[in-house]
Amino acid sequence: MSSRRGNPSADGWLPQGGHKSRPYGGGDTAGQRRKMAVYDLTPVEVPTVETKYRRIKTKLPVPESLPIFESLGKSEPRSMMGQPPIVWDKAEDFIISDPWGNRWIDWSSGVLIANAGHGRKEIRDALREVIDRGLLASYVFVHERRARLAEMLCELSPDPQKYRVFLMSTGSEATENCIKLSKTYGLEKYGPHKKYVVSFNNAFHGRTMGAQLAGGWERQKRWMVDRDATFVQVPFPDGYKNEDTSFDLFLKTLAEKGVQPPDIAGVITETYQGGGPDFLPVEYAQKLEAFCREHDIVMCYDEVQAGFGRTGKMFGYEHYGVRPDLIACGKGISSSLPISAVIGREDIMDLYSPGSMTSTHSGSPLPVAAAIASLEIIRKERLAERAACMGEILMRELHRIQQKHAEVLGCVQGKGLVAGIQIVKPGTKIPDPDLALKINIACLHKGLLMFAPVGAVGDCIKIAPPLTIPEDALRESIQVLEEAVDEVLGPAL
Ligand SMILES: Cc1ncc(COP(=O)(O)O)c(C=O)c1O
């Protein structure tokens with residue numbers, strides 16, 4: 001259930017106010033519109049918190065932490081700033097601690113990495129075993145665990161006998177690989193006219209060039225100046241920012257852009273767009289699949305964020321009843337170390353000859369060991385089912401909180417243990433990033449950690465705890481959110 005009212009704001013950036021002294025985050029540069037949150041680095045007194053899971057006992061940010069932020073400010077690009085100014089020291093399952101005795105319930109999972117929980121013993125033990133052998137790098141020389149992981153990932157595919165797995169390091173590499181394979185498939189089977197990659201407005205597939213060409217954010221692509229015209233975007237059928245969720249709009253947009261279906265090599269979509277999270281309507285996803293089949297288009301699902309139980313299914317596309325040709329995976333695959341994968345149809349995955357589709361760290365031993373241990377935990381503890389179950393509690397409670405402040409909590413969406421609340425100007429769909437940031441900071445001060453608000457302008461409060469979060473901790477954290485919202489917005493009328 002979502003509130004759907006008023007007119008959407010222009011799909012563009014609205015300025016964030018709230019610049020204070022000693023900001024930690026991004027400012028604006030000419031021609032580069034800012035999205036990053038700005039966190040004040042002036043320590044403030046906050047009420048003490050002491051519960052089973054949370055502890056806040058210092059000013060925030062912690063005065064002793066400031067030299068670390070100052071040092072980073074001098075050595076890193078400011079693009080690396082923009083997250084709440086706490087120093088991570090220890091991570092245990094769903095709790096993050098700093099070196100000064102503060103503890104937060106984690107609603108970030110890093111950035112949707114720690115599906116099986118942070119720092120799980122099973123993962124650490126697996127890593128220790130590999131470390132003790134000194135096997136820290138292997139290029140694509142074979143090691144036993146690589147075979148095990150590839151087999152495990154194949155088993156998760158729509159057809160284990162007919163799918164193959166290619167391991168890499170980052171989600172962007174995985175989506176780039178999907179783009180490359182789609183275009184190669186079109187070229188080799190039909191010739192150079194089958195060259196288009198269709199993706200969606202507001203899509204995010206990573207920050208490398210191909211991933212950004214397929215991405216749907218104009219401001220992220222400005223640096224390219226001239227674009228590859230074979231990348232085209234169509235509106236995403238989210239139902240809130242774009243109320244027309246019909247598949248006809250997909251067809252109509254392609255026609256307007258002069259793209260003929262037989263000329264399309266691949267379609268790529270996130271299983272859900274992160275800033276909502278916005279899912280495709282099931283009917284739309286099925287029509288998209290039929291369209292891809294009709295024109296022999298490679299259908300790619302970017303599961304980098306949605307995969308490995310997050311949405312209440314092992315892969316989010318299972319909600320749609322479709323069978324992607326290529327599946328890009330990352331983040332939650334290992335719940336820890338960097339590793340990504342493309343799981344794909346054998347005939348597409350085998351387009352490249354031996355040695356010509358590899359990466360220096362394909363199947364690197366430590367991330368592989370972490371991924372095996374993480375997948376075993378996800379399976380053994382039935383974390384996908386758990387996420388579905390906990391997600392029902394989460395969504396019920398979020399809708400209840402939304403009802404209290406329906407004027408500004410514009411739209412609540414989610415599935416499994418990923419959810420988002422769009423913060424808007426009263427009674428409209430105009431995003432209110434300043435208010436979103438205030439709520440985010442109020443939560444931080446109470447011992448509930450989220451990453452900075454996401455979405456077009458930083459207007460969406462995103463909720464993504466490890467899938468292992470116990471029910472009492474989930475309920476406690478929802479209560480913290482409610483207190484923070486009540487405090488920031490004032491009592492409900
Ligand atoms: C849906 C999606 N695809 C791709 C990526 C890129 O992954 P990475 O940052 O590991 O390159 C992300 C990262 O946020 C993502 O959410």
Side-chain angles (χ1 to χ4, degrees), residues 35-36 77 79-80 82-83 108-115 166-182 197 199-217 220-221 231 233 236 238 266-280 285 299-311 315-317 319-320 324 326-344 359-362 364 367 370-371 374 414-420 450-456 458 460 462-464:
K35 186 183 157 228
M36 285 152 57
S79 66
M80 286 292 284
Q83 291 305 328
S108 75
S109 299
V111 59
L112 298 103
I113 304 164
N115 287 16
F166 174 43
L167 297 173
M168 288 155 282
S169 305
T170 69
S172 304
E173 271 185 287
T175 56
E176 291 270 353
N177 188 248
C178 290
I179 293 164
K180 175 174 164 180
L181 284 171
S182 301
V197 172
S199 55
F200 289 88
N201 293 344
N202 301 345
F204 184 75
H205 298 293
R207 295 205 191 276
T208 53
M209 191 162 176
Q212 291 207 323
L213 279 167
W217 294 100
Q220 292 181 359
K221 298 193 264 198
F231 286 81
Q233 279 86 54
F236 187 83
D238 62 272
V267 171
I268 181 164
T269 181
E270 290 156 277
T271 304
Y272 65 76
Q273 291 198 335
D278 292 316
F279 288 77
L280 300 153
M299 186 176 79
C300 312
Y301 268 75
D302 177 348
E303 286 272 343
V304 169
Q305 199 176 119
F308 306 102
R310 174 61 57 188
T311 68
F315 287 122
Y317 69 76
H319 293 289
Y320 303 135
L326 298 178
I327 305 159
C329 307
K331 296 187 188 285
I333 190 170
S334 68
S335 297
S336 54
L337 301 194
I339 182 164
S340 66
V342 170
I343 308 174
S359 165
T360 297
H361 294 292
S362 288
S364 186
S374 170
K415 223 183 256 302
L417 279 177
V418 59
M450 290 177 264
F451 43 76
V454 297
C460 174
K462 183 110 172 242
I463 300 165

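What you see is a predicted model; the values in this text were computed from it and never measured. Just so you know, ligand 1 is whichever comes first in the structure, and atom 1 is the first atom listed for that ligand.
Protein residues having a heavy atom under 4.0 Å from any atom of ligand 1 are T170, G171, S172, F204, H205, G206, E270, D302, V304, Q305, K331, listed by chain and number.
In this model, no donor atom of one side chain and acceptor atom of the other lie less than 3.5 Å apart for S340 and E173.
Relative ring orientation between Y301 and Y320 is described as tilted, the plane-to-plane angle lying within the 30° to 60° band. The aromatic rings of F236 and F200 stand perpendicular to each other, their planes meeting at an angle above 60°, with 30° marking the opposite boundary.
Separation of atoms CD1 (I343) and CG (L167) is listed at 9.0 Å; rounding is to 0.5 Å.
Tested against S374 for a side chain to side chain contact (heavy atoms under 4.5 Å, CB included), the candidates P367, S335, S336 yield a single pass: S335.
For the side chain to side chain donor-acceptor pair (under 3.5 Å) test, no residue two or more places apart in sequence or in another chain qualifies with E270.
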